[in-house]
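Single-structure report; data block below.
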Amino acid sequence: MTPLFLYNSLTRQKEEFVPINPDLVGLYVCGPTVYSDVHLGNCRSFTSFDIVYRYLMYKGYKVRYVRNITDAGHLVGDADIGAEDKMAKTAKALKLEPMEVAHKYTVGFHEVMKKFNNLAPSLEPRATGHITEQIKMVQDILKNGFGYEVNGSVYFDTVKFAKEQDVYGKLSGRKLEDMLAESRELKNQGEKRHPADFAIWIKAEENTLQKWDSPWGEGLPGWHLECSAMSTKYLGAKFDIHGGGEDLKFPHHENEIAQNCGACGTMPVKYWMHGDMLLGNGKKMSKTPDPVTGISNSVMPEELFSGDNNMLSKAFSPMVVRFFMLQAHYRSTLDLSNDALLAAEKGYYRLMEAYNTLISLDHDGSGGTNDDEQQINTMLDKAFEDMDNDFNTPMALSRLFTLVNKINSFKSGHIAIGSIAKGTLERMKKVFHDFIFVIFGLLDETQASNNGNGEVLDGLMDLILELRKESRVKKDWSTSDQIRDKLKELKIQVKDGKEGTTWVVEK
RNA sequence: GGUAUUGUAGCCAAGUGGUCUAAGGCAACGCUCUGCAAAAGCGUUAUUCGUGAGUUCGAAUCUCACCAAUACCUCCA
């Protein structure tokens, strides 16, 4: 197995990936809070980690991929000064049970993930199913002296933790001194001893919809706690990779680390990975409306797939969007725009059509070693090196595109297929297949469009193109052009080549 | 205000000390192919990487200043 290097957010450098247990990988990714539909920005993050999951498996690791569903405890605002619970807010607005809200949006989330061809994680635990574990963790934190109870709520003592363990702020780059300086302000702290403290157990109010019995009375777990408790339960006190969006670094992940250290005494994660944001109109895609313009710049997947939105000129398919995401590195921001998606669409179809051309190529068995052969093998090798270099999908993709030219040249006869060895052609077929479908997780939508009546369509097209061929032999250009133009109107593109005419359904 | 990150061709975007006169996709232009197109192929399109200094034999890549944008600072993947 070639070594894999990944960028560790905690150390801020690329490190060689060495799993804690040989050949086994524990991967935890922060999942959605299921109080509303996921938007495209959320999808990018999950897609980035889908590639990580896929590539780790491709390299031969046995991966346990845990992605949580947060269905309780996520508050809007500060717990001790009367914040609103996200789940409860939606439940009240839609007149649904909180569990119904969670279910509705969990189902929707899964549907969207499936459309993007993101693999299901090995395990998808939910916060409400792990209340016992979370209570136990609060108890452990209290036992270790890093928490305090006030009036039925329990808070994490961030200041004490920060002073005793040189851990807090490491991930997000926050300094303890700055934090302590804040305490002089003494404003509106409620029950907390310090603004940096955070709720790990929240006392239920009379109208709280989701609440559970605990040693401290009825209440609900704090946000952050579900991830600590569930990652510990399913991956152990120390596991390999924790992923999530850049925006979760603070406070979510910082507090997660604090809770784990506070409860178990060990740093929970060996490698932290953070994906950067998807931008819409140059700003982070967010459901929250822009304070100035008052409009949200988030694009919902369904709006994108249907074309029913005011940002884009047309509908774009899930695979075009996935391809678009692959063209940027996961740690860079990515700017969504109509032009960028149109470009991605063209690129996606060019790649898929080249792949279909590639698998149709036959080799007569002769052939030897020359520059083409060497270049092909070099590109294939480098594509894997790119992936080993912190999952550089745009670079790996560029290698494949370099070979798209070669593939088309083989087809058109610009380069004789015999100029490369048979084994090299076979290798190219295998590697293209693996990259496109297994590692990048793309689906061939050029084929999918023929579903259901593929044979009929093929038969019809054979007939039509045969008739057109006859008219062309007779130099009856008006008939042949009419056929071509009418098919074009039906989104069927006719491609005349030296070896005959082929066709493809356009998007 | 604090803390980070980013600024690469018309657009999206790789590259973070020499192989960079900067990958790839899209767009544009020329040529080849074609009855004409489309598709495909070939070629051209940033001697330059926000601006200005500095370090270095050598900088898109390191340092400083400035300008601009974005993110986080207890809602967000």
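Nothing here was measured: the structure is a model prediction, and the numbers come from that model. Sequence lines set the chain letters: A, B, ... in the order given, protein chains first and strands last, and positions in each chain run from 1. Because only heavy atoms are used, hydrogens play no part in the values below, and waters and symmetry mates are left out as well, while side chains stay in.
The distance between atom CG of A:Leu248 and atom P of B:A4, rounded to the nearest whole Å, is 20 Å. In this structure, A:Phe5 atom CZ and B:U16 atom P are separated by 14 Å, rounded to whole Å. Rounded to an integer number of Å, the gap from A:Trp503 CH2 to B:A37 P is 26 Å. The distance between atom CZ of A:Phe316 and atom P of B:C26, rounded to the nearest whole Å, is 14 Å. Remark: P of B:C12 and CZ of A:Arg322 are 23 Å apart, rounded to the nearest angstrom. The separation between A:Lys382 atom NZ and B:A14 atom C1' is 13 Å, rounded to whole Å. Between the CZ atom of A:Phe323 and the P atom of B:G24 there is a distance of 14 Å, rounded to whole Å. When the P atom of B:G24 is taken as reference, atom NZ of A:Lys406 falls 12 Å away, rounded to whole Å.
Within the nucleic acid shown, A:Gly275 has no heavy atom closer than 4.0 Å to any nucleic acid atom. Residue A:Ser172 is out of contact with every strand shown, counting any heavy-atom pair closer than 4.0 Å. No engagement by A:Lys411 is indicated, since no non-hydrogen atom pair under 4.0 Å with the nucleic acid exists. As judged by a 4.0 angstrom heavy-atom cut-off over every strand, A:Gln493 is placed among residues touching the sugar-phosphate backbone only. When heavy atoms are screened at a 4.0 angstrom cut-off, A:Phe324 is found touching the sugar-phosphate backbone but no base atom. A:Ala340 comes within contact range of the sugar-phosphate backbone alone, with a heavy-atom separation under 4.0 Å but no base atom that close. Among the atoms of the strands shown, none is found under 4.0 Å from any heavy atom of A:Val29. Nucleic acid contact for A:Ser286: base, since at least one base atom lies under 4.0 Å from a heavy atom of the residue. A:Asp339 comes within contact range of the sugar-phosphate backbone alone, with a heavy-atom separation under 4.0 Å but no base atom that close. Across all strands shown, A:Gly497 has no heavy atoms under 4.0 Å from either base or sugar-phosphate atoms. Residue A:Asp496 is classed as a base contact, given a heavy-atom separation below 4.0 Å to a base.
The side-chain tip of A:Lys287 points at the ring of A:Tyr35 from less than 6.0 angstrom away and within 45° of straight on. A cation-pi arrangement is present between A:Arg174 and A:Phe250 under the rule of less than 6.0 angstrom and at most 45 degrees off the ring axis. The side-chain tip of A:Lys406 does not point at the ring of A:Phe410 from less than 6.0 angstrom away and within 45° of straight on.
Nucleotides of RNA chain B nearest to A:Ser412 and A:His252 differ in position, and the one nearer the 5' end is that of A:Ser412. Heavy-atom distances to RNA chain B give each of A:His224 and A:Leu334 a nearest nucleotide, and the one nearer the 5′ end belongs to A:Leu334.
Note on ring orientation: taking the six-membered ring where Trp is involved, the planes of A:Phe156 and A:Phe198 are parallel (angle under 30°, cut-offs 30° and 60°).
With salt bridges taken as basic N to acidic carboxylate O contacts below 4.0 Å, one links A:Asp50 and A:Arg54. Comment: A:Lys411 does not engage A:Glu353 in a salt bridge, judged by the lack of any side-chain N to carboxylate O separation of less than 4.0 angstrom. A salt bridge links A:Arg126 with A:Asp71: at least one charged nitrogen is closer than 4.0 Å to a carboxylate oxygen.
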After noting the C-alpha distance and the side-chain angles of A:Phe146 and A:Phe161, does the key distance pass the ring-ring contact (aromatic ring centres under 6.0 Å, His included) rule?
-> CA-CA 6 Å; A:Phe146 292 115; A:Phe161 175 74; 5.5 Å; yes

Can you check ring-ring contact (aromatic ring centres under 6.0 Å, His included) on A:Phe116 and A:Phe305, steps first, answer last?
-> CA-CA 11 Å; A:Phe116 279 113; A:Phe305 304 154; 5.5 Å; yes

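Tested against A:Tyr330 for a side chain to side chain donor-acceptor pair (under 3.5 Å), the candidates A:Thr47, A:Thr393, A:Asn392, A:Asp390 yield a single pass: A:Asp390. Of the residues listed (A:Asp481, A:Asp496, A:Leu465, A:Thr479), the one engaging A:Arg472 in a side chain to side chain contact (heavy atoms under 4.5 Å, CB included) is A:Asp496, and it is the only one.
Close to B:G15, at under 4.0 Å from its OP1 or OP2, lies a side-chain N or O of A:Asn392. Distances shorter than 4.0 Å separate some side-chain N or O of A:Lys346 from OP1 or OP2 on B:A27. A:Thr333 has no side-chain polar atom (N or O) that falls below the 4.0 Å cut-off from OP1 or OP2 of B:U5. Contact check, A:Asn405 against B:C42: a side-chain N or O comes under 4.0 Å of OP1 or OP2. Checking the phosphate oxygens (OP1, OP2) of B:G25, a side-chain nitrogen or oxygen of A:Arg350 falls inside 4.0 Å. At B:A77, one or more side-chain N or O atoms of A:Asn42 fall inside 4.0 Å of OP1 or OP2 (strictly under the cut-off). Distances shown here put every side-chain N or O of A:Lys249 at or beyond 4.0 Å from the OP1 or OP2 atom of B:C72. Within the 4.0 Å cut-off from OP1 or OP2 of B:C72, at least one side-chain nitrogen or oxygen of A:Lys284 is found.
On the P atoms, B:A60 is 7 Å away from B:C49, given to the nearest whole Å. B:A14 and B:A9 have their P atoms separated by 13 Å, given to the nearest Å.
Looking at the side chain of A:Asn408, the nearest of the listed nucleotides B:G41, B:C26, B:G35 is B:G41. Nearest to the side-chain atoms of A:Lys283 among the listed nucleotides B:C75, B:A14, B:A71 stands B:A71. Ranking B:G35, B:A13, B:C73 by closeness to the A:Phe250 side chain, first place goes to B:C73. The side chain of A:Asp335 lies closest to B:A13, out of B:G2, B:A13, B:A77.
Looking at A:Asp481, its side chain comes within 3.5 Å of the base of B:G35 through a donor and an acceptor atom.
Contacts of residues 394-402 of chain A with RNA chain B (heavy atom under 4.0 Å): A:Pro394, A:Met395, A:Ser398, A:Phe401, A:Thr402.
If you look at A:Phe435 and A:Phe384, their ring centroids are closer than 6.0 Å.
Within the 3.5 Å criterion, the main-chain N or O of A:Gly280 finds a donor-acceptor partner in the side chain of A:Asn297.
With a cut-off of 3.5 Å on both pairing distances, the Watson-Crick and G-U wobble pairs of RNA chain B assemble into stems of 3 or more at B:1-7 with B:67-73, B:10-12 with B:24-26, B:28-32 with B:40-44, B:50-54 with B:62-66.
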